[in-house]
Amino acid sequence: MTETTIYHNPRCSKSRATLALLEAQGIHAEVVKYLETPPDAATLSHIIQSLGIQPRDLLRTGEAEYKDNGFADTTLNNDQLIHMMVQYPKVIERPIVVHGNQARIGRPPESVLEIF
């Protein structure tokens with residue numbers, strides 16, 4: 001059985017809705033409150049690869065941490081961005097559901113069902 005993980009922020013309505021959707025579908029997911037326990041750089045790199053996006057595509061540009069910590073600097077390479085996201089996890093888009101080698105962002109929540 002393939003393990004499922006949700007990178008969750010309980011204060012986010014989309015994250016709560018995505019977790020509730022998984023539970024309603026009978027899908028048990030390990031819940032990682034990523035603001036308390038951010039993924040390390042290797043895990044975040046794997047998530048980004050599983051999403052099929054670039055690190056910059058996973059950034060929440062409206063967050064103060066994005067503006068205050070230089071995330072908008074276009075000279076930053078992918079490794080630099082990933083290490084900064086580990087340091088400032090609030091800028092990571094949420095929720096993210098990982099199942100096997102696939103991942104989806106729960107915006108809208110129903111999009112995560114594509115990987116099951």
Side-chain angles (χ1 to χ4, degrees):
M1 184 164 118
T2 304
E3 180 138 344
T4 302
T5 303
I6 181 171
Y7 291 87
H8 178 61
N9 178 351
R11 295 186 61 167
C12 170
S13 62
K14 295 287 188 213
S15 196
R16 290 191 309 269
T18 300
L19 182 57
L21 177 65
L22 292 175
E23 291 171 348
Q25 295 289 318
I27 299 167
H28 172 74
E30 176 187 1
V31 177
V32 175
K33 294 180 182 175
Y34 73 96
L35 294 178
E36 297 172 13
T37 310
D40 61 24
T43 302
L44 191 54
S45 292
H46 176 74
I47 291 168
I48 291 166
Q49 183 179 35
S50 297
L51 286 165
I53 62 174
Q54 294 298 310
R56 194 163 290 284
D57 299 328
L58 194 58
L59 295 174
R60 296 176 55 82
T61 59
E63 295 292 338
E65 286 83 352
Y66 176 91
K67 296 172 181 122
D68 296 344
N69 294 292
F71 280 93
D73 181 350
T74 57
T75 65
L76 294 170
N77 67 35
N78 288 346
D79 288 337
Q80 290 170 313
L81 283 171
I82 289 169
H83 282 90
M84 290 171 66
M85 283 189 265
V86 170
Q87 188 174 359
Y88 301 101
K90 196 168 186 182
V91 302
I92 300 171
E93 187 60 79
R94 64 189 182 249
I96 303 169
V97 175
V98 179
H99 180 71
N101 287 322
Q102 297 186 71
R104 293 291 183 279
I105 297 171
R107 293 184 176 270
E110 297 77 19
S111 66
V112 302
L113 297 178
E114 297 170 358
I115 62 176
F116 293 95

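Since we're looking at a predicted model, the values are computed, not measured.
For the side-chain hydrogen bond (donor to acceptor under 3.5 Å, both in side chains) test, no residue two or more places apart in sequence or in another chain qualifies with Glu65.
Taking 4.5 Å as the limit, every side-chain heavy atom of Tyr88 sits out of range of all side-chain heavy atoms of Asp68. With contacts defined as side-chain heavy-atom distances shorter than 4.5 Å, the pair Ile82/Met85 qualifies. Side chains of Leu51 and Asp57 form no contact here, defined as non-hydrogen atoms less than 4.5 Å apart. Looking only at side-chain heavy atoms (C-beta outward), Ile47 and Ile92 stay at 4.5 Å or farther from each other.
Across Pro39 and Val86, no two heavy atoms sit closer than the pair O-CG2, 3.3 Å. Heavy-atom minimum distance, His46 versus Asn101: CE1-OD1, 3.6 Å. Here the closest heavy-atom approach between residue Gly106 and residue Lys14 is recorded as O-CB, 4.0 Å. Between Met84 and Asn69, the shortest heavy-atom contact is CE-O, 3.1 Å. Lys67 and Gly62 get closest at one heavy-atom pair: NZ-O, 3.3 Å. Here the closest heavy-atom approach between residue Val98 and residue Ala103 is recorded as CG2-CB, 3.9 Å.
In this structure a side-chain-to-backbone donor-acceptor pair under 3.5 Å is present from Arg16 to Pro10. Listed for the Asn9 side chain is a donor-acceptor partner under 3.5 Å among the backbone atoms of Arg11. A donor-acceptor pair is defined here as one N or O able to donate and one able to accept, closer than 3.5 Å; such a pair exists between the side chain of Gln80 and the backbone of Asn77.
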Would you mind writing out the side-chain donor-acceptor pairs for residues 109-116 within the sub-3.5 Å range, not counting sequence neighbours?
| unit_1 | atom_1 | unit_2 | atom_2 | d |
| --- | --- | --- | --- | --- |
| Ser111 | OG | Ile105 | O | 2.8 |
| Ser111 | OG | Pro108 | O | 2.8 |
| Glu114 | OE1 | Arg104 | NE | 2.9 |

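Listed by first and then second residue, the side-chain hydrogen bond (donor to acceptor under 3.5 Å, both in side chains) pairs involving residues 29-39 amount to none (not counting sequence neighbours).
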What verdict does the side-chain contact (heavy atoms from CB on, under 4.5 Å) test give for Leu58 and Ile96, after you've listed the backbone C-alpha separation in whole Å, the side-chain angles of each residue and the deciding distance to 0.1 Å? CA-CA 10 Å; Leu58 194 58; Ile96 303 169; 3.9 Å; yes

Could you check Arg56 against Leu59 for side-chain contact (heavy atoms from CB on, under 4.5 Å), going step by step and ending with a plain yes or no? CA-CA 6 Å; Arg56 194 163 290 284; Leu59 295 174; 4.1 Å; yes

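Remark: Ile6 CD1 to Glu23 CD distance equals 8.5 Å, nearest 0.5 Å. Rounding to the nearest 0.5 Å places CD of Gln49 at 10.5 Å from CD of Gln54. Between the OG atom of Ser45 and the NE2 atom of His83 there is a distance of 7.5 Å, given to the nearest 0.5 Å.
Ile27 and Val32 are members of different hydrophobic clusters when ILVMFWY side chains are connected at heavy-atom separations under 4.5 Å. Clustering ILVMFWY residues whenever any of their side-chain heavy atoms sit less than 4.5 angstrom apart, transitively, puts Val31 in a cluster other than the one holding Tyr7.
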